[in-house]
Amino acid sequence: MYKILKTEGRAKRCEFTTVHGTVQTPVFMNVGTAAAIKGAVSSVDLKDLGCQIELSNTYHLHVRPGDEVIKKLGGIHRFMAWDRPILTDSGGFQVFSLASLRKIKEEGVYFNSHVDGRKIFMGPEQSMQIQSNLGSTVAMAFDECPPSLAEKQYVKESVDRTTRWLVRCKAEMERLCALEDTVNPDQMLFGINQGAVYPDIRIEHAKRISDLDLPGYSIGGLAVGEPNEVMYSILDEVVPYLPQNKPTYLMGVGTPRDILEGVYRGVDFFDCVYPSRNGRHGHLYTDKGTVRLLNAKYELDDRPIEEGCGCSTCRTYSRAYIRHLLKAKEMLGMRLCVIHNLYYYNNMMREIRDALDEGRFASYMKSKLEKVSADNEK
RNA sequence: GUGGGUAUGGCGCAGUUGGCUAGCGCGCCAGAUUGUGGCUCUGGAGGCCGUGGGUUCGAGUCCCACUAUCCACC
């Protein structure tokens, strides 16, 4: 159930209700690929951070511990002790990111496991079956994510195949939801728009998948190497062709700026590894720009990562101490940094929703863009 | 005290029969990273090759002395 509460230009303030609760959008989904936020952040921590919805990965959980295992343990919600919505990515992106380990065919993709090298086959049906076993709130379609600089002819063939795969995903998901022992009979399937940087392919594809009347749609294959401006212009072109009465999800994006630009163009859902991965590497987001905590200038800096930040890290620890932990490769260092970054992202989304509620998103976006693009404070 | 070994950037080491701007790993400094393999990648700084003499057109490489350090023996 998707309800539009308010709009400002193309930006939308909505509510998305699922069997696992309601999500207020625009929202950032915290990425926990293997049913865990990397950096020793637990599902209990996620609630403290204001996280509404978590994202996990089909391929990674299939390889380890195995989706059958998770099904036997009652599904992913129970497994990771998280009762709010969970979106599972389909494994499609791994077709792209683990490119050296795979072969794409009409029936699906042959992978070599990155864990033990064993051969794995995944097609639309397999991806749906795995996601059904996981019992996530939202399952993503199994797609191919062509490189942004792929030749147009290849992209066209790839997108056509992704469309055929989506039809198979939908049929399989309907079959699985009707089974007696299914973990989540209300599991939703989101379609994925592709087409690299070719607006005509994107738009044509958006129209075709919209006809399938799925509960939500995403835009994939962006932020994979093309310039930011290209991504924004693709959004300008394609978002209007996706159903406006359904959630729109921009996959894998992005920087705080990318998210603001996405909301501005009508996107509801985002996810990105940046806050967690960059957090692990001491790259911290603040309203005064990026703080690279490993830089030598922070060795004696007794201030918090961000003055006035409400996260538990900033309320308790100094830059100098956290820097030491990172240098010493203490797990606590990563944890504290990831907590700050996730807080920053979730808090920014809350600010965005408040601004939309109050009809002042445009001015909020302008001032936030200035903040996030500021140089490191001294 | 005697015999033997070793001395090369912060640490650990390579440096072929003496030959052009002395390398490597780690560390350090800086930067990348967008549906995550706790990675990976890209730059950069830093060495009068223990000290002093000698041989040679040319010495980190050969010779002598000294100093430091390690091992064995007394």
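To find a chain, count down the sequence lines: A is the first, B the second, and so on, and within it residues start at 1.
At the phosphate of G37(B), OP1 or OP2 sits under 4.0 Å from a side-chain N or O atom of H60(A). Phosphate proximity of G31(B) to R292(A): present, with a side-chain N or O under 4.0 Å from OP1 or OP2. Between R335(A) and G38(B) there is no side-chain N or O to OP1 or OP2 distance below 4.0 Å. Of the side-chain N and O atoms in K329(A), none sit less than 4.0 angstrom from OP1 or OP2 of C39(B).
Across all strands shown, U6(B) forms a Watson-Crick or G-U wobble pair with A68(B), both key distances being under 3.5 Å. Nucleotide C11(B) has G25(B) as its partner under the Watson-Crick or G-U criteria, with both atom distances under 3.5 Å. Pairing partner, C41(B): G31(B), with both Watson-Crick or wobble hydrogen-bond distances short of 3.5 Å. Both distances falling under 3.5 Å, in either a Watson-Crick or a G-U wobble arrangement, occur for no nucleotide opposite C49(B). Summarising the base pairing, G60(B) is matched to no nucleotide, lacking a Watson-Crick or G-U wobble pair whose two defining distances lie under 3.5 Å. The nucleotide U17(B) finds no pairing partner, because no Watson-Crick or G-U wobble arrangement with both distances shorter than 3.5 Å includes it.
Looking at K152(A) and D200(A), a side-chain N of the basic residue comes within less than 4.0 Å of a carboxylate O on the acidic one, giving a salt bridge. Salt-bridge check for K71(A) with E68(A): failed, with every basic side-chain N at 4.0 Å or more from each acidic carboxylate O.
Under a 3.5 Å cut-off, the side chain of T25(A) and the backbone N or O of V27(A) do not form any donor-acceptor pair.
Remark: the separation of the P atoms in G52(B) and U61(B) is 13 Å, to the nearest Å.
Looking at heavy-atom distances under 4.0 Å, A40(A) makes contact with a base.
Each of V159(A), V167(A), D160(A) was evaluated against R208(A); a single residue qualifies, D160(A), per the side chain to side chain contact (heavy atoms under 4.5 Å, CB included) test.
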